[in-house]
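Here the structure comes first, spelled out in structure tokens, and everything after it is commentary.
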Amino acid sequence: MTTAGGTRSGGGGAGAPPACRVYLISPPAFEPREFARMLERALAGGDVAAFQLRLKPATDEEVLEAGRLLMPICHAHDVAFIVNDRPDLALKLGADGVHIGQSDADVKTARRILGHERDIGVTCHASRHLAYVAGEQGADYVAFGAFFPSPTKDSGHRADPELLRIWHETTEIPCVAIGGITAENCAPLVEAGADFLAVSSWVWRHPEGPDAAVAALNRAIAEAVDRRS
């Protein structure tokens, strides 16, 4: 996941990454070693751009312990490792970036902590205004949602695919679509211009396993990319 500097996730050319990629988010709680096996399995299922460690609630040491175990797995698969909320913990871990919400550290603070070599993503709900502000402050990507009801997190905000279309046409800053996304419902988001699809519970609870979920999502993305080309 190379988003620093506003680079989109893909586009044409031999060997280029797909125009939309999977962005995995951890469950809010898990047993680290058991989940490490699930993550290995998920990453074996197909293309994944990034993995976000999102433990809630958890102590700093629990986040660091999980990060030290899971980050090498991600890097072995060339997957960016992102920490939720905490730029200070991202720095301690040597993570690839941090994802912050509207009530967390602002972009400028996160950038001061992390420098310019790591990615900063910002939750912008269903608001282009919040996204433009994040972009002006130096965010590397913005996240819109929720697009569908999600068992993981009730954001209280509902976004429309048209938001992705407008964003895609007016800015080069990559956007992540989030909220209740599955292989069955993701096509309109890909066709509208999402650069990444953030998925969590649907992958980890998939009846055929997380590898089958990632494979199915990549197939659905590829089909939708073909239609939007």
Side-chain angles (χ1 to χ4, degrees), residues 1 3 21-101 104 114 118-121 123 141 143 145-155 176-186 196-221:
M1 180 182 184
T3 61
R21 303 181 69 192
V22 176
Y23 182 135
L24 286 179
I25 300 178
S26 78
F30 54 79
E31 195 287 313
R33 297 198 176 279
E34 179 180 333
F35 182 71
R37 292 190 289 272
M38 291 187 68
L39 180 60
E40 285 270 19
R41 188 173 172 186
L43 299 185
D47 178 67
V48 174
F51 169 81
Q52 183 187 134
L53 177 61
R54 184 180 181 275
L55 286 173
K56 294 192 175 274
T59 65
D60 288 6
E61 189 50 47
E62 286 171 336
V63 174
L64 292 171
E65 178 187 0
R68 293 183 191 112
L69 179 64
L70 302 177
M71 188 165 63
I73 296 172
C74 291
H75 287 172
H77 290 268
D78 198 25
V79 173
F81 186 84
I82 308 295
V83 175
N84 181 259
D85 287 355
R86 297 286 299 276
D88 55 333
L89 298 185
L91 182 65
K92 284 185 177 181
L93 283 168
D96 300 295
V98 68
H99 184 91
I100 55 178
D104 302 319
L114 292 177
R118 294 180 172 89
D119 285 337
I120 297 174
T123 294
Y141 71 87
F147 286 92
F148 307 103
S150 171
T152 303
K153 181 180 180 182
D154 181 8
S155 70
V176 177
I178 190 170
I181 296 171
T182 70
E184 289 74 29
N185 65 20
C186 71
F196 303 95
L197 300 181
V199 288
S200 184
S201 60
W202 181 78
V203 168
W204 310 122
R205 300 176 184 176
H206 196 281
E208 296 177 25
D211 50 342
V214 168
L217 196 56
N218 272 288
R219 286 194 299 270
I221 288 172

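All values below come from the heavy atoms of this structure, side chains included, with hydrogens, waters and symmetry mates left out.
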Using the test side-chain contact (heavy atoms from CB on, under 4.5 Å), find all partners of H77 that sit at least two apart in sequence or belong to another chain. E40, L43, I73, V79
Just wondering, do I100 and I120 contact through their side chains at under 4.5 Å, heavy atoms? yes
Which residues share a salt bridge (Lys or Arg N to Asp or Glu O under 4.0 Å) with D104, sequence neighbours left out: none
Minimum heavy-atom separation for V63 to A58, with atom names? CG2-CB, 4.0 Å
Can you pull out every side-chain hydrogen bond (donor to acceptor under 3.5 Å, both in side chains) where at least one residue sits in residues 83-93? Sequence neighbours excluded, please. Q52-N84, K56-D85, D60-R86, R86-D88
What one should report as the nearest heavy-atom pair of A183 and A220 is O-CB, 3.4 Å
Excluding sequence neighbours, so at least two apart, what forms salt bridge (Lys or Arg N to Asp or Glu O under 4.0 Å) with R37? none
Less than 4.5 Å apart, side chain to side chain, heavy atoms only: is that true for W202 and F148? no
Is it true that T59 and E61 share a donor-acceptor pair across their side chains at a distance under 3.5 Å? no
Closest approach of A66 to L55 (non-hydrogen atoms, all atoms of both residues): CB-CD1, 3.9 Å
Applying side-chain hydrogen bond (donor to acceptor under 3.5 Å, both in side chains), name anything that partners R219, two or more places apart in sequence or on another chain. none
Close side-chain approach of T123 to H99, heavy-atom, < 4.5 Å: yes
Do side-chain atoms of R118 reach the backbone of A95 as a donor and acceptor pair under 3.5 angstrom? yes
Under the side-chain hydrogen bond (donor to acceptor under 3.5 Å, both in side chains) rule, collect the residues that match up with E208, sequence neighbours excluded. none
Determine the minimum heavy-atom distance between A90 and G97, stating which atoms define it. CB-O, 3.8 Å
Rounded to the nearest 0.5 angstrom, the CG-CG distance for L217 and L197 is 6.0 Å
side-chain contact (heavy atoms from CB on, under 4.5 Å) partners for I178, two or more places apart: I25, A198
Heavy-atom check, side chain of L64 versus side chain of L93, under 4.5 Å: yes
For residues 25-34, pull every pair meeting salt bridge (charged side-chain N to carboxylate O under 4.0 Å, His left out), keeping only residues two or more places apart or in separate chains. none
I'd like to know if the side chain of N185 and the backbone of I181 have a donor-acceptor N/O pair within less than 3.5 Å. no
To the closest 0.5 Å, what do you measure between CD1 (I82) and CG (L24)? 12.0 Å
Heavy-atom closest pair (P87 atom, L114 atom, distance to 0.1 Å) is O-CD2, 3.4 Å
Hits for side-chain hydrogen bond (donor to acceptor under 3.5 Å, both in side chains) against E65, two or more places apart or cross-chain, chain-then-number order -> none
Just to verify, what does A29 make a side-chain contact (heavy atoms from CB on, under 4.5 Å) with, not counting sequence neighbours? none
Could you report the tightest heavy-atom contact between M71 and G94, atom names first, then the distance? SD-O, 3.8 Å
Does the D96 side chain pair with the main chain of F81, one donor and one acceptor, at a distance under 3.5 Å? yes
Tell me every residue that passes side-chain contact (heavy atoms from CB on, under 4.5 Å) with F35, counting only those two or more places apart in sequence or in another chain. S26, P27, F30, M38, L39, F51, L70, W204
